[in-house]
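Because the structure is a prediction, the values reported are computed rather than measured. Below, chain A is the first sequence line, B the second, and so on; all start at residue 1.
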Amino acid sequence: MSYWVMKSEPSVYGIDDLAAQPSQTDHWEGVRNYQARNMLRDQMRPGDLALLYHSNCPQPGVVGIMEIVRAGYPDHTAFDPESKYFDPKSDPDRPRWYMVDVRFKRRLARTIPLTELKANPALAETPLIRRGNRLSIMPVSAEHWQAILDME
DNA sequence: GCCAACGTTGGC
DNA sequence: GCCAACGTTGGC
């Protein structure tokens, strides 16, 4: 079982949106980066856990925990010309982009802000806070996972 | 809004 | 394959 960090902009899709789903489950659509795609397609498995990180907002930080409930499968929004995630270079026979399904587990007791994550020496090596890392899906070690939750 | 740090595209 | 131009991300 693996741990992950998944980023989203709360103005687009945040923890409240996921929690509001009838099944508290949703597709993680719209990832259009090859490195992140490879993780979605090849590495994420049902039962894996992911921290949800809110980016591009007043208080960027980790806000909750999600569980991966379906392994990678083709991101159908890439096939839909009406979707903002449409990509004409992806088609059902040769899908370029993938997604997983995630289920809301819980909110953290508080948002753990990026400033605090950066200030924690135990997290110096975690991809989330390494400068310039813009991946929307990142692995996190079990040790770093625990170190983050210890800050809750 | 600014700008650093990327990733992608396309000419050659 | 190189690399300049361009687009995007995301903190601040």
Side-chain angles (χ1 to χ4, degrees), chain A residues 2-21 26-44 48-68 71-102 104-141 143-152:
Chain A
S2 303
Y3 295 105
W4 306 93
V5 174
M6 301 172 79
K7 291 195 290 195
S8 73
E9 302 186 24
S11 63
V12 177
Y13 193 96
I15 188 87
D16 293 338
D17 298 292
L18 181 60
Q21 296 299 313
D26 210 347
H27 320 297
W28 200 259
E29 64 188 36
V31 173
R32 297 293 179 268
N33 169 282
Y34 288 103
Q35 238 184 304
R37 185 279 309 270
N38 292 346
M39 289 185 268
L40 287 169
R41 186 188 60 190
D42 304 332
Q43 294 179 248
M44 297 179 94
D48 287 0
L49 295 176
L51 295 168
L52 179 58
Y53 175 92
H54 280 176
S55 67
N56 226 341
C57 57
Q59 191 182 42
V62 175
V63 298
I65 300 177
M66 311 186 291
E67 179 180 354
I68 310 305
Y73 63 104
D75 182 341
H76 52 75
T77 64
F79 311 142
D80 175 9
E82 302 300 311
S83 169
K84 66 173 174 175
Y85 299 122
F86 177 61
D87 181 353
K89 286 178 260 183
S90 187
D91 69 77
D93 293 331
R94 298 195 59 183
R96 174 171 297 207
W97 305 115
Y98 283 72
M99 59 187 177
V100 297
D101 288 354
V102 297
F104 174 84
K105 291 276 284 186
R106 68 176 180 92
R107 289 183 179 80
L108 300 191
R110 67 182 188 110
T111 296
I112 302 173
L114 179 62
T115 50
E116 288 187 36
L117 297 171
K118 281 180 172 173
N120 185 343
L123 297 176
E125 300 303 320
T126 205
L128 175 61
I129 60 161
R130 285 228 308 272
R131 200 168 68 126
N133 197 321
R134 304 178 316 163
L135 275 182
S136 60
I137 313 269
M138 287 169 289
V140 54
S141 69
E143 292 76 13
H144 290 159
W145 174 275
Q146 192 54 52
I148 294 169
L149 289 184
D150 285 345
M151 300 171 72
E152 186 176 358

**Request:** Look at the side chain of R41(A) and the backbone N and O of R96(A), then say whether any donor-acceptor pair between them is shorter than 3.5 Å.
**Result:** no
**Item:** N120(A) side chain to L117(A) backbone, donor-acceptor under 3.5 Å
**Value:** no
**Request:** Using the salt bridge (Lys or Arg N to Asp or Glu O under 4.0 Å) rule, collect all pairs that involve residues 74-87 of chain A, keeping only residues at least two apart or in two chains.
**Result:** R32(A)-D75(A)
What integer distance in Å separates [X]:[atom1] from [N]:[atom2]?
X	N	atom1	atom2	result
Y85(A)	dT8(C)	OH	C1'	13 Å
I129(A)	dT9(C)	CD1	P	22 Å
L135(A)	dG7(B)	CG	C1'	10 Å
Q59(A)	dC12(C)	CD	P	11 Å
R32(A)	dG7(B)	CZ	C1'	15 Å
L117(A)	dC12(C)	CG	P	11 Å
E9(A)	dT8(C)	CD	C1'	10 Å
R96(A)	dG7(B)	CZ	C1'	14 Å

**Item:** Q59(A) side, atom CD; I112(A) side, atom CD1 - distance, nearest 0.5 Å
**Value:** 10.5 Å
**Request:** State which of dC6(B), dG10(C), dC12(C) makes the closest approach to the side chain of R134(A).
**Result:** dC6(B)
**Prompt:** If you check every side-chain atom of P60(A), which of dT8(C), dG11(C), dG10(C) has the closest atom?
**Reply:** dG11(C)
Has [X] got a side-chain N or O lying under 4.0 Å from the OP1 or OP2 atom of [N]?
X	N	result
K89(A)	dT9(B)	yes
K118(A)	dC12(C)	yes
K7(A)	dG10(C)	yes
Y34(A)	dC6(B)	no

**Asked** Using 30° and 60° as the class limits, which term best fits the ring planes of W28(A) and Y13(A): parallel, tilted or perpendicular?
**Response** perpendicular
**Message:** For R106(A), I'd like to know if atom CZ has over 12 heavy atoms of other residues, nucleotides or ligands within 6.0 Å.
**Reply:** yes
**Prompt:** Above 12 or not: heavy atoms from other molecules or residues under 6.0 Å from CD of E125(A)?
**Reply:** no
**Request:** Using five pairs at either end of the helix from dG1(B)-dC12(C) to dC12(B)-dG1(C), determine the angle between the two local helix axes and round it to 10 degrees.
**Result:** 10°
